[in-house]
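The structure under discussion appears below in the form of structure tokens.
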Amino acid sequence: MRVKGIGLKRSIFSGQLGPELDGREEVLFGWVMSVRDQGGIKFIIISDKDGIAQITVKKGEVGKRVWERAKRIREHSCIGVRGIVRKTEKAPRGAEIVPKELRVYSVPKKLPPFPLFGSSLPKLDKRLDIRAVDLRRPKAQAIFKIRGSALRAIRDYLNEEGFLEVNTPKIIASATEGGAALFPLLYYDKEAFLTQSPQLYKEQLVMAFERVFEIAPAFRAEPSKTLSHLSEFLSVDVECAFVDMNGAMEILEGLIGYVVHRVREECKEQFKLLGFEPEVPSGMKRITYDEAVELARRHGVDVDWGEDLSSMALDAIASELKGYYFITGWPEAIKPFYIKPRKDGRSESFDLMYGDLEIASGGERIASKRELMRRIRDKGLNPKSFEYHLKVFDYGMPPHSGWGLGFDRFMMVLTGQKNVREVTLFPRDQFRLTP
RNA sequence: GCCCUGGUAGUAUAGUCCGGUCUAGUAUGCGGGCCUGUCACGCCUGUGACCCGGGUUCAAAUCCCGGCCAGGGCGCCA
């Protein structure tokens, strides 16, 4: 059967359905989540952007056409329904739709290799192959509704704190920090790269705007094969003039607290569905790098002072420090050139951790051009390739600090997911470039 | 990039150590039938699988080698 056009006009979303609409005629669209066929009565559960609604098709109560059409409907069909709302405690939302007209827009050719409800999910890799369909799962929907809510909360908080949202180029001429591998690309007749961080741009922008933030993708060509690494990830970057390392940490701590509060408020249903409640941070602990090294050693993990903390070391530390905490004062040798060093070989830097997961990293930046040039040379980089950056330091660069938050990792913490790919719509890693 | 583990119906798994009784078990899905208040509906019934290639053996889902794919750990990295 071919349907010409949509033929119906939506009057409500499922979220508006309720007993108070009893007796009214309404039009709903959605995807069929389940059909419970009991012979003379069929219960069709459809899902739209708000959630689910029940359509009750009772033989004798509905017209012949509707009855015949209802027989063709199965899971994942895309349908529209015009019918009378009937108040009943036996239906979800306390009301159901008794259809007068049923339009079937699309019946699936095949069923996806996983159930919409139920516990036995196929492997993530299989689901990612048809991600858009996987995203119809209520639990997947919950995750991305929380994600949207968290992004809104971040923007609200930072705007409220006087930060200006900015956008910086993602195609760049040279590496920002050394270290991480970049994705090269052909830019007309020149070589260029995808940016690994907006670091240098946001530093330049504090000269003009004082407080800036950016929410944008960052790209790393590291062949990391873990549950918390992606080749493309969303980074929340903040940079603030006239603030030191502690000021930057306060902003970050304030933001995290606000976001957790907001998503818990806005996404009660979603968390219930996930069976998870994000931890409300209270007074984030701060330990120094030296203390972290000590702690790991006490657990029998070999750590050379000056080395980055291995996952074994972080495991040991996380076994004592639950939830959010800062590790401060990292050795300057393992931090990027723009981080302000101290006289003792350490630096004005911090990482925000959640258990053994690093979710943000920041510190005070070098504001003096001479010092910055020296550090670039010390790190074995060529000051010439940073000329475009260094020259603005001649014109009154304020002291400034900032941080970058790995938003996808933060989402893991907010939703209780173990694999970062679960909180990313279309994840990119070493082995996945589609969909 | 290195190391470890795994690959059985559409999906999730049992069986593999110790080769034969596996005509490969179970759950769910799917097809057919019954069911007028379900909500992971229920009942009856049917359907469907040993990753690919080579080797050992009378005999391979099971042992060996190679490939491909997946999961995990390490490293790199945030």
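Atom set for the values below is all heavy atoms of this structure, side chains included, hydrogens, waters and symmetry mates excluded. Letters go in sequence order (proteins before strands), and every chain restarts at 1. Nothing here was measured: the structure is a model prediction, and the numbers come from that model.
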Original post:
Do A:Thr415 and A:Pro278 come close enough that some side-chain heavy atom pair is under 4.5 Å?
Top reply: no
**OP:** Can you label the angle between the A:Phe276 ring and the A:Phe271 ring as parallel, tilted or perpendicular, going by 30° and 60°?
**Re:** tilted
Original post:
Touch check for A:Asp308, heavy atoms < 4.0 angstrom, all strands: base, sugar-phosphate only, or nothing?
Top reply: nothing
Original post:
Any donor-acceptor pair under 3.5 Å between the side chain of A:Glu61 and the base of B:U36?
Top reply: no
Subject >> For B:G75, the Watson-Crick or wobble counterpart (both distances under 3.5 Å) >> reply: none
**OP:** Record whether the side chain of A:Glu96 comes under 3.5 Å of the base of B:G37 through a donor-acceptor pair of N or O atoms.
**Re:** yes
Subject >> Interatomic distance, A:Ile44 CD1 vs B:G37 P [rounded to whole Å] >> reply: 16 Å
Original post:
Can a donor-acceptor pair be found between the side chains of A:Thr226 and A:Ser224 at a distance below 3.5 Å?
Top reply: no
Original post:
What does B:U16 pair with, Watson-Crick or G-U, if both distances are under 3.5 Å?
Top reply: none
Subject >> A:Ile55 CD1 to B:U36 P, straight-line distance once rounded to whole Å >> reply: 20 Å
Original post:
What distance, rounded to whole Å, do you find between the two C1' atoms, one in B:U8 and one in B:U62?
Top reply: 11 Å
**OP:** For nucleotides B:A60 and B:G55, find the distance between their C1' atoms and express it as a whole number of Å.
**Re:** 12 Å
Original post:
When you check the gap from the basic side-chain N to the acidic O, do A:Arg24 and A:Glu26 get nearer than 4.0 Å?
Top reply: yes
Subject >> Atom P, compared across B:G67 and B:G1: separation rounded to whole Å >> reply: 14 Å
Original post:
The side chain of A:Arg74 lies closest to which of these nucleotides: B:G73, B:G31, B:C39?
Top reply: B:G31
**OP:** Send over the distance from A:Met312 CE to B:C3 P, rounded to a whole Å.
**Re:** 19 Å
Original post:
Could you state the NZ-C1' distance from A:Lys59 to B:U38, rounded to the nearest angstrom?
Top reply: 18 Å
Original post:
Quick one: A:Lys58 NZ to B:U38 P, roughly how many Å, whole number?
Top reply: 11 Å
Subject >> Watson-Crick or G-U wobble partner of B:U23, both distances under 3.5 Å >> reply: none
Original post:
Which is true for A:Ala218 with a 4.0 Å heavy-atom rule: it touches a base, it touches only sugar-phosphate, or it touches nothing?
Top reply: nothing
Original post:
Less than 4.0 Å between a side-chain N and a carboxylate O, is that true for A:Arg421 and A:Asp408?
Top reply: no
Subject >> Separation of the C1' atoms in B:A49 and B:G25, to the nearest angstrom >> reply: 12 Å
Original post:
Of the nucleotides B:G75, B:G37, B:C39, which one has an atom closest to the side chain of A:Pro92?
Top reply: B:C39
Original post:
B:G66 pairs with which nucleotide, Watson-Crick or G-U wobble, both distances below 3.5 Å?
Top reply: B:C52
Original post:
Is there a donor on the side chain of A:Lys225 or the base of B:G1 sitting less than 3.5 Å from an acceptor on the other?
Top reply: no
Original post:
The side chain of A:Leu227 lies closest to which of these nucleotides: B:G37, B:G72, B:C76?
Top reply: B:G72
**OP:** Calculate the interatomic distance between A:Asp129 atom CG and B:U11 atom P; express it in whole Å.
**Re:** 12 Å
Original post:
With distance as the sole criterion, do the side chain of A:Arg86 and the base of B:G37 form a donor-acceptor contact below 3.5 Å?
Top reply: yes
Original post:
For atom P, what is the distance between B:C50 and B:A24, given to the nearest Å?
Top reply: 11 Å
Original post:
Is there a donor and acceptor pair closer than 3.5 Å between the side chain of A:Ser311 and the base of B:C74?
Top reply: no
**OP:** Tell me which of A:Gln430 and A:Asn419 sits closer to the 5' end of RNA chain B, going by the nucleotide each one is nearest to.
**Re:** A:Gln430
Original post:
Closest to the A:Asp125 side chain: B:C41, B:G71, B:G37?
Top reply: B:G71
**OP:** Taking the six-membered ring of A:Trp67 (Phe, Tyr or Trp), confirm whether the NZ or CZ of A:Lys42 is under 6.0 Å from its centre and within 45° of its axis.
**Re:** yes
**OP:** Among the candidates B:G1, B:C76, B:U38, find the nucleotide nearest to the side-chain atoms of A:Thr226.
**Re:** B:C76
**OP:** Describe, in one word, how the ring planes of A:Tyr258 and A:Tyr157 are oriented to each other, choosing from parallel (under 30°), tilted (30 to 60°) and perpendicular (over 60°).
**Re:** tilted
Original post:
Among B:G75, B:U11, B:U38, which nucleotide sits nearest the side chain of A:Lys126?
Top reply: B:U11
Subject >> Earlier contact from the 5' end, RNA chain B, for A:Arg409 and A:Lys123 >> reply: A:Lys123
Subject >> B:C52 versus B:A14 - spacing of their C1' atoms, nearest Å >> reply: 24 Å
Subject >> Test side chain to side chain contact (heavy atoms under 4.5 Å, CB included) applied to A:Tyr324 and A:Ile359, step by step >> reply: CA-CA 9 Å; A:Tyr324 299 94; A:Ile359 60 177; 3.8 Å; yes
**OP:** Can you tell me the pairing partner of B:U28 across any strand shown, Watson-Crick or G-U wobble, with both distances under 3.5 angstrom?
**Re:** B:G10
Subject >> Value in whole Å for how far the C1' atom of B:A40 lies from CD1 of A:Ile52 >> reply: 12 Å
**OP:** Taking atom P in both B:C64 and B:U5, compute the distance separating them and give it to the nearest angstrom.
**Re:** 11 Å
Original post:
Which whole-number value in Å describes the distance from A:Glu75 CD to B:U11 C1'?
Top reply: 12 Å
Original post:
Among B:G37, B:C76, B:G73, which is the nearest nucleotide to the side chain of A:Gln38?
Top reply: B:G37
Original post:
In the strands shown, is B:U36 matched to any nucleotide by a Watson-Crick or G-U wobble pair with both distances under 3.5 Å, and which?
Top reply: none
**OP:** Pick the C1' atom in B:U28 and in B:U23, then give their distance to the nearest Å.
**Re:** 23 Å
